[in-house]
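To keep things clear, I will list the structure first and then write my remarks on it.
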Number of protein chains: 2
Amino acid sequence: MDKTPPNGPTNGPENNPANSNDPNGKTAPLDPQTRGLYFAFFNEIGIISQLSRAMMEASLPNGLSVAHFSVLNHLVRLGDGRTPLDIARAFQLPKTTMTHTLSVLEKNAMIILRPNPKDGRSKCVFLTDKGREFRDDAIASLDPDVAALSSRIPIKVVSELVDKLADIRKTLDDYRDE
Amino acid sequence: MDKTPPNGPTNGPENNPANSNDPNGKTAPLDPQTRGLYFAFFNEIGIISQLSRAMMEASLPNGLSVAHFSVLNHLVRLGDGRTPLDIARAFQLPKTTMTHTLSVLEKNAMIILRPNPKDGRSKCVFLTDKGREFRDDAIASLDPDVAALSSRIPIKVVSELVDKLADIRKTLDDYRDE
DNA sequence: ATTATATTGTGCGATATCGAACTATATAAT
DNA sequence: ATTATATAGTTCGATATCGCACAATATAAT
């Protein structure tokens, strides 16, 4: 994964009426077309998110949802021992949501929470065998869907999209903490 | 908006081990790289969805959420008088979720539900002035964010992404109803 | 016409999400 | 050392999401 900076031939402030600050400090009205474009973008993102969520949930064993799978998958891919807050930040979720998700996973014996030796306030999240197993099973159960999609959506297209979406995700992320 | 078909130089069944059905009817294992790619894609989609949702909610008046705004925006853009089920399908949401969302909007006098003259089981959703006003205000309150983003993410990139995402959305949509 | 099947919307219960307030610990300021 | 401030995680209450079962109506089959 290369880190292409999210700036190609961009529209600088000179192209963007909303960025030209006039004397009284107000902002010029945003170009309606630009506005519509970004709304359309987030709209598509939202619908695809919804669709993929539903698709995954249909193949997931009863009671466990995408949220749970995502956490397990994250830990398998990037290594366990992370703190709850680390994980919450990775998914851009509030920490209270992560507390709840982790407590369900813990009840299901798919993770173990241990005190963080480096920080008395914190904890570390470890996968159990059952957690890894569940994650593997979930992925396997999704294979038919992924296979079907990979024959309908060109891999190359998806590959390029992932890069660009990752850039945008980083940009949004940076923008969020001003 | 041109409708580029979602099939460029795609990976046909010949490239896709999971599509070659072997004698016993089972499916060959999916290429792990392909699998990872699609998971990465849906992961980025999910995080951006989460980020944009949080961003919008931060600018939205108290009590009303992205779900409510989206419905109002949809009705303004595509016209009101649609049925709840139409709207649910447009966002790929279960109809029970839409019932709830609409009931909140109705309580806030932003929509009116009237019986459907063409179908006794159904209803039609109409915008009120207050609903349109709320939608306009919401968009205006998001302008600073959109402006900031449009200076960070090239318009051209977003424009291309919207087209490709729309294709994928349609593909997923078709795939969903088998 | 009658019956069988499908569709629209709703009520309900279970769970998920999230903001606010809180506890405990860590870090910085003095 | 003491105090002030920041951070990690939890609890709690409000709301959202969604599957299931249901009533009402529509459509198809006979």
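What you are looking at is a predicted structure, and each value in this text was computed from that prediction instead of being measured. When reading the values below, keep in mind they use all heavy atoms of this one structure, side chains included, and skip hydrogens, waters and symmetry mates.
What separates NZ of A:K107 from C1' of C:dA16 is a distance of 13 Å, to the nearest Å. Taking atom CG of B:N108 as the reference point, atom C1' of D:dA16 lies 15 Å away to the nearest angstrom. Protein atom CG of A:L60 is 12 Å distant from nucleotide atom P of C:dA16, rounded to whole Å. Put simply, CG on A:L105 is 15 Å from P on C:dT15, counting in whole angstrom units. If you take CG of B:N116 and C1' of D:dA24, they are 14 Å apart, rounded to a whole angstrom. Atoms CZ (A:R53) and C1' (D:dC18) sit 12 Å apart, rounded to a whole Å. Whole-Å rounding puts the A:Q50 CD to C:dT17 P distance at 12 Å. Nucleotide D:dT17 holds its C1' atom 15 Å from the CZ atom of B:F91, rounded to whole Å.
Every side chain to side chain donor-acceptor pair (under 3.5 Å) that B:D145 has, sequence neighbours left out, goes to A:Y175, B:S59. In terms of the ring-ring contact (aromatic ring centres under 6.0 Å, His included) criterion, residue partners of B:H74 (sequence neighbours excluded) are, by chain and number, B:F91. A:D137 pairs by the side chain to side chain donor-acceptor pair (under 3.5 Å) definition with nothing, not counting sequence neighbours. In terms of the ring-ring contact (aromatic ring centres under 6.0 Å, His included) criterion, A:F134 has no residue partners (sequence neighbours excluded). With sequence neighbours excluded, no residue satisfies side chain to side chain donor-acceptor pair (under 3.5 Å) with A:T128. Looking at residues two or more places apart in sequence or on another chain, you find a side-chain contact (heavy atoms from CB on, under 4.5 Å) between B:A88 and B:M98.
Here A:S103 lies out of heavy-atom contact (under 4.0 Å) with every strand.
Nearest-nucleotide mapping onto DNA chain C: of A:A67 and A:G120, the residue sitting toward the 5' end is A:A67. Each of A:H68 and A:K118 lies near DNA chain C, and the nucleotide nearest A:H68 is the one positioned closer to the 5' end.
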(message) With side chain to side chain donor-acceptor pair (under 3.5 Å) as the criterion, how do B:D119 and B:S122 come out once you've worked through the C-alpha distance, each side chain's angles and the decisive distance to 0.1 Å?
(response) CA-CA 5 Å; B:D119 188 333; B:S122 182; 5.4 Å; no
(request) Any chance you could lay out the side chain to side chain donor-acceptor pair (under 3.5 Å) test for B:S70 and B:N73, step after step, and finish with the verdict? (result) CA-CA 5 Å; B:S70 298; B:N73 194 42; over 6 Å; no
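Judged as a side chain to side chain donor-acceptor pair (under 3.5 Å), the pairs with a partner in residues 92-104 of chain A (not counting sequence neighbours) are, in order, A:Q92-A:D173, A:Q92-A:R176.
One axis for each end of the helix from C:dA1-D:dT30 to C:dT30-D:dA1, each built from five base pairs, and the angle between them comes to 30° at 10° resolution.
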(message) Does the protein touch nucleotides 5-12 of chain D at the base, only the backbone, or not at all? Give it as B, S and - per nucleotide, heavy atoms under 4.0 Å.
(response) -BBBBBB-
